[in-house]
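First the structure, in the form of structure tokens, and then the observations on it.
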Protein chains: 2
Amino acid sequence: MQLVRRINMSKKMKSFDKIDFKIIKELSKDARISASEIARTIDINERTVRRRINNLVESKAIRITTIVDPSMFGYHSIADINLKVDEEIYDEFIKSCKKNPNVCYIASGWGKANLAIETRFLDNEEMYNFINYKLPETKGVEVINFFIVPKIIYNIDEWTPVESDFKD
Amino acid sequence: MQLVRRINMSKKMKSFDKIDFKIIKELSKDARISASEIARTIDINERTVRRRINNLVESKAIRITTIVDPSMFGYHSIADINLKVDEEIYDEFIKSCKKNPNVCYIASGWGKANLAIETRFLDNEEMYNFINYKLPETKGVEVINFFIVPKIIYNIDEWTPVESDFKD
DNA sequence: GCTGAAAATTATGCATT
DNA sequence: AATGCATAATTTTCAGC
């Protein structure tokens, strides 16, 4: 247990404080509000707010971006798919997934399946073709199982650490 | 097939054009750049850029927010877990997951498992305890299977529709 | 729905503690 | 690392096309 902790700590991880926490909370609500407004809300000097935001972004603790809702662009059919992908084509397959607008999540895995993807399609027919034809016809790729997802309830873009993850 | 298409179209879905596409591309790189800078980059009047951004946000096609990297806050152990959750406690369980900082993705499902969650922990021991003790000890919750995730390669926050999803 | 011009607000660079 | 101040840039408001 101590070993595991030590391994995690070895990954260099700047520590952020409660001011950073407050800034992250404000930016989560609307990432385009002005630094001055954040400064007013949390009662911190505006220059400080700006520097903190820069530090958070530069250290890659946060990324200030735009989340696009796939369903607003017609992608209503969702499936989570677990795959067994041959090592020889693993990296290449990931590259093709990244380019595929139907793939919106890729994770490596351990076990029977070594890759998990989340896919979104304009309709069930497209999804059916992908799972039953396109993937099985790809050399080196085997569909281990899949999971039709009627609704995504919560996603990483809504996640934030808890206050106790920030030092005083 | 036509039926499926029609069902999808029935969900009201404002259509966005190539200008919106360009704006989304710029905001994806850095959501805090000024509207004027976007205007300069894509050669559109800056007032137009602002109105488009407002429309995109108000229609919920995009959400401009801050993505926090869990690994920067020590969450290095990741598992995807498929669960069978009794209907009686389904909504309540989802609520508790939303509040749990170890859960960063929740999706409903069809089949043997009816809920999929992605979880992140500070270390493997915490993850082990959650999967082997905390979940099985929760009444009405059964772990169908789980999947240790060494690395998340790509996620929804990097996804954008393709240009052809936008009208001319 | 798009743009112009002035006023208000915000961001930036430099300097100080 | 945090702030004050002056200047530059941006956003907002009101207006007309």
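Here is how names work: the chains are called A, B, and so on, in the same order as the sequence lines, proteins then strands, and each is numbered from 1.
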Could you tell me how far apart [X] ([atom1]) and [N] ([atom2]) are, to the nearest whole angstrom?
X       : N      : atom1 : atom2 : value
A/Ile44 : D/dT3  : CD1   : P     : 7 Å
A/Leu56 : D/dA1  : CG    : P     : 12 Å
B/Ile33 : D/dT11 : CD1   : C1'   : 15 Å
B/Arg40 : C/dT3  : CZ    : C1'   : 17 Å
B/Arg50 : C/dA8  : CZ    : C1'   : 13 Å
A/Asn54 : C/dG13 : CG    : P     : 11 Å
A/Ile38 : C/dT10 : CD1   : C1'   : 12 Å
B/Ile53 : C/dG1  : CD1   : P     : 15 Å

Exercise. Which sits closer to the 5' end of DNA chain D, A/Arg32 or A/Asn45, going by the nucleotide each is nearest to?
Worked result: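 Looking at DNA chain D, the more 5' nearest nucleotide goes with A/Asn45.
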Exercise. Which residue, A/Arg52 or B/Ala35, contacts DNA chain D at a nucleotide closer to its 5' end, judged by nearest heavy atom?
Worked result: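 So the residue in question is A/Arg52.
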Problem set entry | Heavy-atom donor-acceptor pair, A/Arg47 side-chain to D/dG4 base, under 3.5 Å |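 A donor-acceptor contact between them is present.
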Exercise. Of the options B/Trp159, B/Phe166, B/Phe21, which is the one that meets A/Phe73 in a ring-ring contact (aromatic ring centres under 6.0 Å, His included)?
Worked result: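 Going through B/Trp159, B/Phe166, B/Phe21 one by one, the ring-ring contact (aromatic ring centres under 6.0 Å, His included) with A/Phe73 is satisfied by B/Phe166 alone.
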Exercise. Do A/Asp86 side-chain atoms and A/Ile89 backbone N/O form a donor-acceptor pair below 3.5 Å?
Worked result: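 No.
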Problem set entry | Any A/Leu27 side-chain heavy atom under 4.5 Å of B/Arg32 side chain |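 Sidechains of B/Arg32 and A/Leu27: in contact.
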Exercise. Is there a side-chain contact between B/Ile78 and B/Glu118, using heavy atoms and a 4.5 Å cut-off?
Worked result: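 In contact.
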Exercise. Among side-chain atoms of B/Tyr75 and B/Asn102, is any donor-acceptor pair under 3.5 angstrom?
Worked result: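 No, B/Asn102 and B/Tyr75 have no side-chain donor paired with an acceptor closer than 3.5 Å.
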For this session: Report yes if a side-chain nitrogen or oxygen of A/Ser36 is closer than 4.0 Å to either non-bridging phosphate oxygen (OP1 or OP2) of C/dA11; otherwise report no.
Result: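 Checking C/dA11 against A/Ser36, a side-chain N or O does come within under 4.0 Å of OP1 or OP2.
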Exercise. Taking only side-chain nitrogens and oxygens of B/Thr48, does any of them come within less than 4.0 Å of OP1 or OP2 of C/dC2?
Worked result: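 Answer is no, no contact under 4.0 Å.
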Exercise. With sugar-phosphate meaning primed atoms plus P, OP1 and OP2, does A/Glu46 contact a base, only sugar-phosphate, or nothing at under 4.0 Å between heavy atoms?
Worked result: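 Base contact.
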